[in-house]
Asks: 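Below you'll find the structure I mean.
As the structure lists them, so they are numbered: ligands from 1, and atoms in each ligand from 1.
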Amino acid sequence: MTRIYSVINRKGGVGKTTCAVNIAVCLAAAGKNVLLVDMDPQGNATTMLGVRKDLGLGTVYHLLSGTKTIESVVMTIHLPSFHFIMADTDLVGAEIELVNCKERERFLQRAIGTCGAAYDFIIFDCPPSLGLLTINALVASDRVIVPLQCEFFSIEGFIQTRDTIFWINRHFDKSITMDAILFNMFDDSSEKRNFIHEFQSKLDESVATWTIHYDHQVNIAPSHFKPGVCYNPWGVATREFQDIALHLIETNRRTS
Ligand SMILES: Nc1ncnc2c1ncn2[C@@H]1O[C@H](COP(=O)(O)OP(=O)(O)OP(=O)(O)O)[C@@H](O)[C@H]1O
Ligand SMILES: [Mg+2]
């Protein structure tokens, strides 16, 4: 059974792309058939994976606008089980074009359609907004992963993200669950430990939480057009991404 995740947080720069790409690569390295979709017009996941944006390849924009089929925009890169749909700035246009369309929130879900069943995991890397692109990703998903940083403003971003999921569930007859919260760029300080402790005490117990350490190699990996787990295979964050991927495989084995 295919599990479809959105990696989402309204707040920018918290590590959505870093987590989405690295977890997706770890899932594929563990033998799972994975489709990662870059839903952000910034195209950071596309850059991180070393995919050139100047070759006129099919993108999420083509998929959403109905000008290309899913088969023609999916590329298989780095590993035989790792599949990817790229994005570039054209995707800004999709958000504008969708505004006046009927059932505009379901375009992505429809475009993926039955082809989605070919994958064990589909992961959407969402932009830092709760606009139509994120809403399309959520409507097509059944779970979310929320990366955040251990700081005060994260709480507001988290509450807005959680409320959006409730809203989607109510309006689109969905039951999206929050599967994991990732406390990213953790540095072992007592300040951050206290933040996590307090945050966890207010969470529903069914939500798994993970810490991902700040790792300088993860930070510089995108400038080498590589995900952190490939650039620094023995790093502490790499091990954490691998553990999260194994946890997702394990929980999905139990629930499928
Ligand atoms: N665990 C980590 N260790 C070191 N650097 C990290 C880590 N996670 C993310 N970063 C760095 O933090 C910055 C922001 O990360 P990223 O682009 O993944 O965030 P984002 O939430 O996707 O941003 P946006 O909201 O713009 O899409 C990047 O420079 C990235 O390399
Ligand atoms: Mg991003």
Side-chain angles (χ1 to χ4, degrees), residues 5-26 36-51 53 59-61 84-92 94-95 123-138 141 144-151 153-158 160-162 164 178 180-189 192-193 195-196 209-245:
Y5 287 87
S6 282
V7 181
I8 170 183
N9 191 328
R10 190 199 187 293
K11 192 156 166 40
V14 295
K16 293 179 287 297
T17 301
T18 304
C19 294
V21 171
N22 284 293
I23 293 170
V25 169
C26 289
L36 175 69
V37 185
D38 188 346
M39 290 300 297
D40 187 346
Q42 295 181 98
N44 290 343
T46 303
T47 304
M48 195 182 280
L49 287 164
V51 176
K53 294 176 183 164
T59 68
V60 184
Y61 171 76
F84 180 59
I85 306 180
M86 65 173 288
D88 60 16
T89 46
D90 279 1
L91 196 51
V92 175
E95 196 146 32
I123 299 181
F124 300 116
D125 174 31
C126 294
S129 76
L130 298 174
L132 264 180
L133 292 171
T134 299
I135 291 175
N136 263 270
L138 284 172
S141 301
V144 297
I145 295 174
V146 184
L148 47 85
Q149 278 183 268
C150 307
E151 58 184 32
F153 283 131
S154 294
I155 300 171
E156 212 169 46
F158 175 79
Q160 289 168 346
T161 305
R162 193 195 53 188
T164 303
M178 194 178 287
I181 293 176
L182 312 180
F183 297 106
N184 190 25
M185 299 190 239
F186 180 61
D187 64 5
D188 287 307
S189 65
K192 294 199 173 168
R193 280 186 194 287
F195 177 93
I196 293 174
T209 57
W210 301 83
T211 51
I212 301 167
H213 278 77
Y214 180 88
D215 179 345
H216 180 63
Q217 305 291 319
V218 168
N219 190 238
I220 61 172
S223 62
H224 296 268
F225 309 108
K226 283 186 175 169
V229 294
C230 302
Y231 187 68
N232 185 23
W234 310 113
V236 60
T238 295
R239 210 178 52 236
E240 290 161 339
F241 286 125
Q242 286 166 341
D243 286 346
I244 295 164

Asks: Taking a 3.5 Å cut-off between nitrogen or oxygen atoms, can you list every pair linking ligand 1 to the protein, with distances?
Replies:
unit_1, atom_1, unit_2, atom_2, d
ligand 1, 1 (N), N184, OD1, 3.0
ligand 1, 1 (N), H213, O, 3.1
ligand 1, 3 (N), D215, N, 2.9
ligand 1, 3 (N), D215, O, 3.4
ligand 1, 8 (N), N184, ND2, 2.9
ligand 1, 18 (O), T17, N, 3.4
ligand 1, 18 (O), T18, N, 2.8
ligand 1, 18 (O), T18, OG1, 2.5
ligand 1, 19 (O), G15, N, 3.0
ligand 1, 21 (O), G13, N, 3.4
ligand 1, 21 (O), V14, N, 3.0
ligand 1, 21 (O), G15, N, 3.0
ligand 1, 21 (O), K16, N, 2.9
ligand 1, 21 (O), K16, NZ, 2.9
ligand 1, 22 (O), K16, N, 3.4
ligand 1, 22 (O), T17, N, 2.8
ligand 1, 22 (O), T17, OG1, 2.9
ligand 1, 23 (O), G13, N, 3.1
ligand 1, 25 (O), G13, N, 3.0
ligand 1, 25 (O), K16, NZ, 2.8
ligand 1, 26 (O), Q42, NE2, 3.1
ligand 1, 27 (O), D40, OD2, 3.4
ligand 1, 27 (O), Q42, NE2, 3.4
ligand 1, 29 (O), N219, ND2, 3.2
ligand 1, 31 (O), N219, ND2, 3.2

Asks: With under 30° as parallel and over 60° as perpendicular, where do the rings of Y231 and H224 fit, or are they tilted in between?
Replies: parallel
Asks: Is a side-chain N or O of N232 found less than 3.5 angstrom from the main chain of G228, in a donor-acceptor match?
Replies: no
Asks: Among residues at least two apart in sequence or on other chains, which ones pass salt bridge (charged side-chain N to carboxylate O under 4.0 Å, His left out) with D187?
Replies: K192
Asks: Under 3.5 Å, side chain of T89 to main-chain N/O of P41, donor-acceptor pair present?
Replies: no
Asks: Is it the case that the side chain of D90 and the backbone of Y61 share a donor-acceptor pair, with hydrogens and angles ignored and the cut-off at 3.5 Å?
Replies: no
Asks: Please determine, by modelled atom types, if Q217 and D215 share a side-chain donor-acceptor pair under 3.5 angstrom.
Replies: no
Asks: State which residues pass salt bridge (charged side-chain N to carboxylate O under 4.0 Å, His left out) with R193; sequence neighbours excluded, sorted by chain then number.
Replies: D188
Asks: What heavy-atom pair brings D38 and A87 nearest, and what distance separates the two atoms?
Replies: O-CB, 3.1 Å
Asks: So, the side chain of T161 versus the backbone of G157: is there a donor-acceptor pair under 3.5 Å, distance only?
Replies: yes
Asks: How about the Mg ion (ligand 2), which protein N, O or S atoms come within less than 2.8 Å?
Replies: T17 OG1
